[in-house]
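Quick caveat, the model's predicted, so the values are computed rather than measured.
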Amino acid sequence: MTQPHHQCPNQNFYVCQCFYTHNIFLQQYNLHVIFHDEKQFMKDWKGIKTELSRRRNLGSDCLDRCLRISEGYIPLHSHVYKLQESYLAAEFLDLVKYAQMSSATAEGLITKLSQENASRVFSFPVFTKTFCDEFMAEISHFENSDLPKGRPNTMNNYGILLNELGFDTDFITPLRLKYLTPLTSLLFPDWGGDYLDSHKAFVVKYKLGEDLDLAYHYDNAEVTINVSLGREFMEGTLYFGDMRQVPIKETECTEYSHKPTIGLLHRGQHKHGALPITSGERYNLIVWMRSSRIRNQLCPMCNNKPVLVKMVGYGDGFTEGSLVDVCTTL
């Protein structure tokens with residue numbers, strides 16, 4: 001049986017120094033907070049030490065997990081690790097075909113999409129049901145193994161990082177470059193949609209007794225696609241507010257009921273969340289797509305020119321800025 005291919009990108013990508021201090025989510029308080037100094041932080045926010053340690057050791061821990069998974073994991077469906085057009089919905093392929101035409105326009109593309117009530121949020125079928133079923137079975141198979149699992153962030157306790165499982169090179173990267181970028185180039189040119197040169201991809205899972213919902217937040221991305229993979233569940237409505245600069249008290253939220261195989265494409269900094277499911281089980285594939293041309297100018301997490309810290313893989317998608325050694329700054 002062919003093993004999934006594990007490979008990290010050769011480009012020099014970085015995280016901003018603020019990754020180690022800003023937007024630290026404390027689940028027990030449902031808040032994102034900023035770290036100033038350890039004495040103050042430990043006094044104000046008990047339990048934060050674990051999250052700080054996770055962030056500081058993220059690179060080395062990721063490499064260790066990649067190696068152990070590559071050596072010890074036997075896939076259930078090895079073919080799903082390489083993207084094939086047969087996995088993609090016919091409607092999605094038609095959208096891509098149109099977007100690749102020299103005469104294509106944003107207005108023309110929008111007429112072929114479902115435009116949701118929230119501003120610049122679009123929906124369309126992405127995958128076939130057969131692929132979604134096999135992909136979820138593969139993720140469940142890995143979840144049931146005793147191999148280490150890196151979680152996407154502190155908001156999702158049961159997610160799976162797809163780069164560690166081996167999906168980056170032959171699945172997520174061609175999905176971003178060949179199929180999604182033609183759409184984002186027309187829909188989000190002001191957000192680097194024509195130059196999405198890195199990503200972070202993961203699966204999130206919601207189930208009674210585990211994660212039920214997702215707090216109101218924005219993504220560390222220029223453009224996000226969120227695909228509902230399926231399983232039967234009740235409630236769990238997604239909701240969108242406004243862009244991150246707009247206070248919640250000035251925001252009117254709109255709701256959207258996500259359906260299997262359907263992807264929601266939106267600006268990463270468009271704030272959103274998910275209401276609790278009341279029964280069943282739900283899986284979503286999330287791809288945060290990043291444009292170094294945009295984020296090199298301003299880090300979306302600290303609103304400053306990025307101060308770079310070396311990181312394995314794509315980091316947080318930065319390629320330019322002032323470079324520092326994290327060991328000398330923390």
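Judged purely by distance below 3.5 Å, without hydrogens or angles, the side chains of Glu320 and Ser292 never pair a donor atom with an acceptor atom. Using a 3.5 Å distance cut-off with no hydrogens or angles, the side chains of Asp219 and Thr224 do pair a donor with an acceptor. Residues Tyr195 and Thr181 have side chains that never bring a donor and an acceptor to within less than 3.5 angstrom of each other. There is a side-chain donor-acceptor pair under 3.5 Å between Thr319 and Asn296.
Once rounded to the nearest 0.5 Å, the distance linking NZ of Lys305 with CZ of Phe318 reads 10.0 Å. Rounded to the nearest 0.5 Å, atoms CD1 (Ile139) and CG (Leu165) are 5.5 Å apart. Atoms CZ and OH, on Arg244 and Tyr216 in that order, are 12.5 Å from each other to the nearest 0.5 Å. Residue Asn284 holds its CG atom at 11.5 Å from CD1 of Ile225, rounded to the nearest 0.5 Å. The line from CD of Gln245 to NZ of Lys271 is 9.5 Å long, rounded to the nearest 0.5 Å. Separating the CG atom in Asp94 from the CG atom in Leu88 is a distance of 11.5 Å, to the nearest 0.5 Å.
A 4.5 Å side-chain heavy-atom check between Met136 and Tyr283 finds at least one atom pair inside the cut-off. In this structure, the side chains of Thr261 and Val126 stay at 4.5 Å or more apart for every pair of heavy atoms. A 4.5 Å side-chain heavy-atom check between Ile286 and Lys200 finds every atom pair outside the cut-off. In this structure the side chain of Asn144 never reaches within 4.5 angstrom of the side chain of Phe142, judged on heavy atoms. Counting only heavy atoms from C-beta outward, the side chains of Leu113 and Leu187 approach each other to under 4.5 Å. Between Arg267 and Ser119, some side-chain heavy-atom pair lies under the 4.5 Å cut-off.
Residues Pro300 and Gln269 share a closest heavy-atom pair of CB-NE2, 3.3 Å. Taking every heavy atom of both residues into account, Phe171 and Lys82 meet most closely at CD1-C, 4.1 Å. Closest non-hydrogen pair, Gly241 versus Cys253, comes out as CA-SG, 3.9 Å.
Among pairs with a residue in residues 285-294, those fulfilling salt bridge (charged side-chain N to carboxylate O under 4.0 Å, His left out) read Arg290-Asp316, at least two apart in sequence or across chains. For the salt bridge (charged side-chain N to carboxylate O under 4.0 Å, His left out) condition, the pairs that include at least one residue of residues 126-139, sequence neighbours left out, are Lys129-Asp133. Among residues at least two apart or in separate chains, salt bridge (charged side-chain N to carboxylate O under 4.0 Å, His left out) pairs with a member in residues 61-79 are Asp64-Arg68, Arg65-Glu164.
Close placement of the His141 and Tyr73 rings is indicated, their centers lying within 6.0 Å of each other. Residues Phe92 and Phe124 bring their aromatic ring centres within 6.0 Å.
Under the rule for a side chain to side chain contact (heavy atoms under 4.5 Å, CB included), the partners of Thr173 that lie at least two apart in sequence or sit in another chain are Arg176, Leu177, His199, Tyr314. Residues that satisfy the side chain to side chain donor-acceptor pair (under 3.5 Å) test with Asn57, not counting sequence neighbours, are Ser53. In terms of the side chain to side chain donor-acceptor pair (under 3.5 Å) criterion, residue partners of Arg120 (sequence neighbours excluded) are, by chain and number, Asp190. Judged as a side chain to side chain donor-acceptor pair (under 3.5 Å), and not counting sequence neighbours, Thr184 has no contacts. For the side chain to side chain donor-acceptor pair (under 3.5 Å) test, residues two or more places apart in sequence or in another chain that qualify with Arg295 are Asn220, Glu222.
Tested against Leu285, the residues Ile160, Leu162, Asn226 include a single side-chain contact (heavy atoms from CB on, under 4.5 Å) partner, Leu162. Screening Phe135, Tyr179, Phe127, Phe131 for a ring-ring contact (aromatic ring centres under 6.0 Å, His included) with Tyr87, the sole residue that qualifies is Phe131.
Cluster membership check: Leu298 does not share its hydrophobic cluster with Val309, using side-chain heavy-atom separations under 4.5 Å among Ile, Leu, Val, Met, Phe, Trp and Tyr. In the hydrophobic clustering of this structure, Ile248 groups with Leu275; members are Ile, Leu, Val, Met, Phe, Trp, Tyr whose side-chain heavy atoms approach within less than 4.5 Å, directly or through other members. Following chains of ILVMFWY side-chain contacts shorter than 4.5 Å, one cannot reach Met289 starting from Ile294, and the two form parts of different hydrophobic clusters. Hydrophobic clustering (ILVMFWY, side-chain heavy atoms < 4.5 Å, transitive): Val223 and Met243 are in one cluster.
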Practice task
List the steps and the verdict of side-chain contact (heavy atoms from CB on, under 4.5 Å) for Phe188 and Asp194.
Solution key: CA-CA 8 Å; Phe188 305 109; Asp194 56 345; over 6 Å; no
Practice task
Starting from the C-alpha separation in whole Å, work towards a yes-or-no answer on side chain to side chain donor-acceptor pair (under 3.5 Å) for Thr254 and Glu116.
Solution key: CA-CA 9 Å; Thr254 59; Glu116 303 308 321; over 6 Å; no
Practice task
Would you check, one step at a time, whether the test side-chain contact (heavy atoms from CB on, under 4.5 Å) holds for Leu308 with Val15?
Solution key: CA-CA 6 Å; Leu308 305 183; Val15 296; over 6 Å; no
Please report, to 0.1 Å, the donor-acceptor pairs under 3.5 Å made by any side chain of residues 95-110, with sequence neighbours excluded.
residue: Tyr98; atom: OH; partner: Thr105; partner atom: N; Å: 3.2
residue: Thr105; atom: OG1; partner: Gly108; partner atom: N; Å: 2.9

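Relative ring orientation between His266 and His270 is described as perpendicular, the plane-to-plane angle rising above 60° on a 0-90° scale split at 30° and 60°.
Apart from Val246 itself, the hydrophobic cluster it occupies contains nothing, where clustering links Ile, Leu, Val, Met, Phe, Trp and Tyr at side-chain heavy-atom distances under 4.5 Å. If you chain together ILVMFWY residues whose side-chain heavy atoms come under 4.5 Å of each other, Tyr218 ends up grouped with Met301. Under the 4.5 angstrom side-chain criterion for Ile, Leu, Val, Met, Phe, Trp and Tyr, the cluster partners of Val121 are Leu238, Phe240, Tyr256, Ile262, Leu264.
Comment: Glu143 engages Lys205 in a salt bridge, judged by a side-chain N to carboxylate O separation of less than 4.0 angstrom.
Shown here is Lys149, whose NZ atom has more than 12 heavy atoms of other residues, nucleotides or ligands within 6.0 Å.
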